[in-house]
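Shown next, in structure tokens, is the structure this report addresses.
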Amino acid sequence: YRFDEWTAQFMQQTIYEKDGIPYSSGREPEPVPAADDGLDGPFATLFNGEATVALLTYSGEREYRQWNPVESVLTEALIMATASSATVGVVTPHNAQRGRVQSLLQERGYTVGSEEADGNDESGQDIQVETVNRFQGGERDLMAVNATVSDPNYIAAEDEFLLTENRINVSFTRHRDLLIVLAPETLLGYLPDDPELYDQATLWKSLAMELGEAPGNGATEYEWQGDLGEVLAAVGMESVGPMIRPELPTTITLYTNIR
């Protein structure tokens, strides 16, 4: 398959092994170039050429449902930190979040998806922002997964939708070189009441634990930790909207498959 050996082994162990389906990597990943060699914060680790899978997790000041300003602005910062030569994809379960991310990028002058460039986009970067269902079959050098939902009650209300194994499978396997998952701690620690959904819920937990976080017990092996304001400052984002200002002190923690 298109991605690295770590991802292939993770998907084999968590999904395909029980069905007896062999699953292996078909290529060596290449480093995703950064827009600037001097980037600091989490970007120094994300773009050092060693990590192929990363998790950025947080516990925000507020709880969100179908759109999430914390993940929207983190995604915007990730794309600002990525060199224009790299193709980028963003997936989310909800159309509201897709529209939010797309609008932020367009406001910054990026051309997204199949829309025609308006002359303000000097990067010419290939960026696709879609729901998980519409991204099936697509692939990009860097993929950013927006889990989006952080409200525990809303997670419980739509866990059958959020935890569908096929949807998670697609989300985690569209990258060629680097997968970055943005997910709230409430989702990583969620336990569904329906026992039939338990195995699917453990896909999120398994990813977190493999990357160094043990949801719920405080045992972590993170690569970087700081607040959201530090992340945005690292890419020179000097102003944010009113929805994100209360979230600037939110702690962001980075885990990767670097060992």
Side-chain angles (χ1 to χ4, degrees), residues 32-36 38-47 54-58 60-62 64 66-113 115 117-118 120-132 135 140-150 171 174-175 178-184 224 226-254:
V32 174
D36 185 340
L39 288 175
D40 55 11
F43 305 109
T45 299
L46 287 170
F47 295 101
L55 169 68
L56 284 165
T57 187
Y58 61 93
E61 297 295 315
R62 301 175 182 175
Y64 301 100
Q66 294 194 14
W67 71 279
N68 184 320
V70 174
E71 293 185 19
S72 298
V73 77
L74 281 172
T75 301
E76 182 183 8
L78 281 170
I79 291 175
M80 291 173 65
T82 307
S84 61
S85 57
T87 61
V88 178
V90 181
V91 290
T92 172
H94 289 294
N95 268 310
Q97 180 70 359
R98 178 200 60 78
R100 176 75 177 182
V101 172
Q102 184 167 309
S103 293
L104 286 176
L105 295 175
Q106 289 169 334
E107 289 169 7
R108 197 162 287 280
Y110 290 102
T111 301
V112 180
E115 66 173 349
D118 61 4
N120 294 321
D121 183 0
E122 298 178 358
S123 71
Q125 190 164 10
D126 181 352
I127 302 171
Q128 186 77 26
V129 181
E130 273 300 353
T131 60
V132 178
F135 211 94
R140 291 294 188 275
D141 299 334
L142 183 153
M143 286 296 304
V145 176
N146 284 208
T148 305
V149 183
S150 65
S171 299
R174 299 299 100 184
H175 62 290
L178 179 59
L179 169 67
I180 302 174
V181 178
L182 314 179
W224 182 88
D227 62 42
L228 179 59
E230 292 177 67
V231 178
L232 304 186
V235 293
M237 196 181 298
E238 297 178 352
S239 62
V240 295
M243 289 296 295
I244 202 63
R245 287 186 197 122
E247 297 286 7
L248 291 176
T250 295
T251 298
I252 308 296
T253 307
L254 170 66

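Reckoned from all heavy atoms, side chains included, excluding hydrogens, waters and symmetry mates.
Between atom OG1 of residue T82 and atom CD1 of residue I180 there is a gap of 6.5 Å, rounded to the nearest 0.5 Å. Rounding to the nearest 0.5 Å gives a distance of 12.5 Å between CD1 of I244 and OG of S239. Rounded to the nearest 0.5 angstrom, Q66 CD and H94 NE2 are separated by 4.5 Å. Taking OG1 of T45 as the start and CG of L254 as the end, the distance is 6.0 Å to the nearest 0.5 Å. Taking CG of L182 as the start and OG1 of T57 as the end, the distance is 9.5 Å to the nearest 0.5 Å.
Scored by the side-chain contact (heavy atoms from CB on, under 4.5 Å) test, E130 finds R98, Q128, R134, F135 as partners (sequence neighbours excluded). Remark: R62 engages Y64, M243, P246, E247 in a side-chain contact (heavy atoms from CB on, under 4.5 Å) (not counting sequence neighbours). For E76, the salt bridge (charged side-chain N to carboxylate O under 4.0 Å, His left out) partners are R108, not counting sequence neighbours.
Proximity of E230 to I252: side-chain heavy atoms (C-beta onward) are nowhere separated by under 4.5 Å. Side-chain atoms of E71 and P184, non-hydrogen and from C-beta on, do get closer than 4.5 Å to each other. Counting only heavy atoms from C-beta outward, the side chains of V90 and I79 approach each other to under 4.5 Å. Residues L142 and L78 fail the side-chain proximity criterion, which asks for heavy atoms closer than 4.5 Å. Taking the side chain as every heavy atom from C-beta outward, V88 and R140 never approach each other to under 4.5 Å.
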Go through it in stages, so that I can follow the logic: the residues are T75 and T92, the test is side-chain contact (heavy atoms from CB on, under 4.5 Å), and I'd like the CA-CA distance, side-chain angles, deciding distance and then a yes or no. CA-CA 11 Å; T75 301; T92 172; over 6 Å; no
Any chance you could lay out the side-chain contact (heavy atoms from CB on, under 4.5 Å) test for R174 and V145, step after step, and finish with the verdict? CA-CA 10 Å; R174 299 299 100 184; V145 176; over 6 Å; no
Before giving the answer on side-chain contact (heavy atoms from CB on, under 4.5 Å), spell out for D40 and W224 the whole-Å C-alpha distance, their side-chain angles and the decisive distance to 0.1 Å. CA-CA 10 Å; D40 55 11; W224 182 88; over 6 Å; no
One pair to check against side-chain contact (heavy atoms from CB on, under 4.5 Å): F43 and V235. What are the steps and the verdict? CA-CA 9 Å; F43 305 109; V235 293; 3.6 Å; yes
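Between the side chain of T87 and the backbone N or O of D141, at least one donor-acceptor pair lies under 3.5 Å. Under the 3.5 Å distance criterion, the side-chain polar atoms of T148 are matched with a main-chain donor or acceptor of N146.
Taking each heavy atom of S72 and L104 in turn, the nearest pair found is CB-CD1, 3.6 Å. Summarising the geometry of L55 relative to A183, their closest heavy-atom pair is CD1-CB, 4.2 Å, with the distance given to 0.1 Å. M80 approaches Y110 most closely through the heavy-atom pair CA-OH, 3.5 Å. Contact between A77 and L232 at its shortest, heavy atoms only, is CB-CD2, 4.1 Å. Of all heavy-atom pairs spanning P93 and V132, the tightest one is N-CG2, 4.2 Å. Nearest approach of L179 to S171, heavy atoms of both residues: CD1-O, 3.8 Å.
Looking at D227, N68, T251 one by one, the single match for side chain to side chain donor-acceptor pair (under 3.5 Å) with Y58 turns out to be N68.
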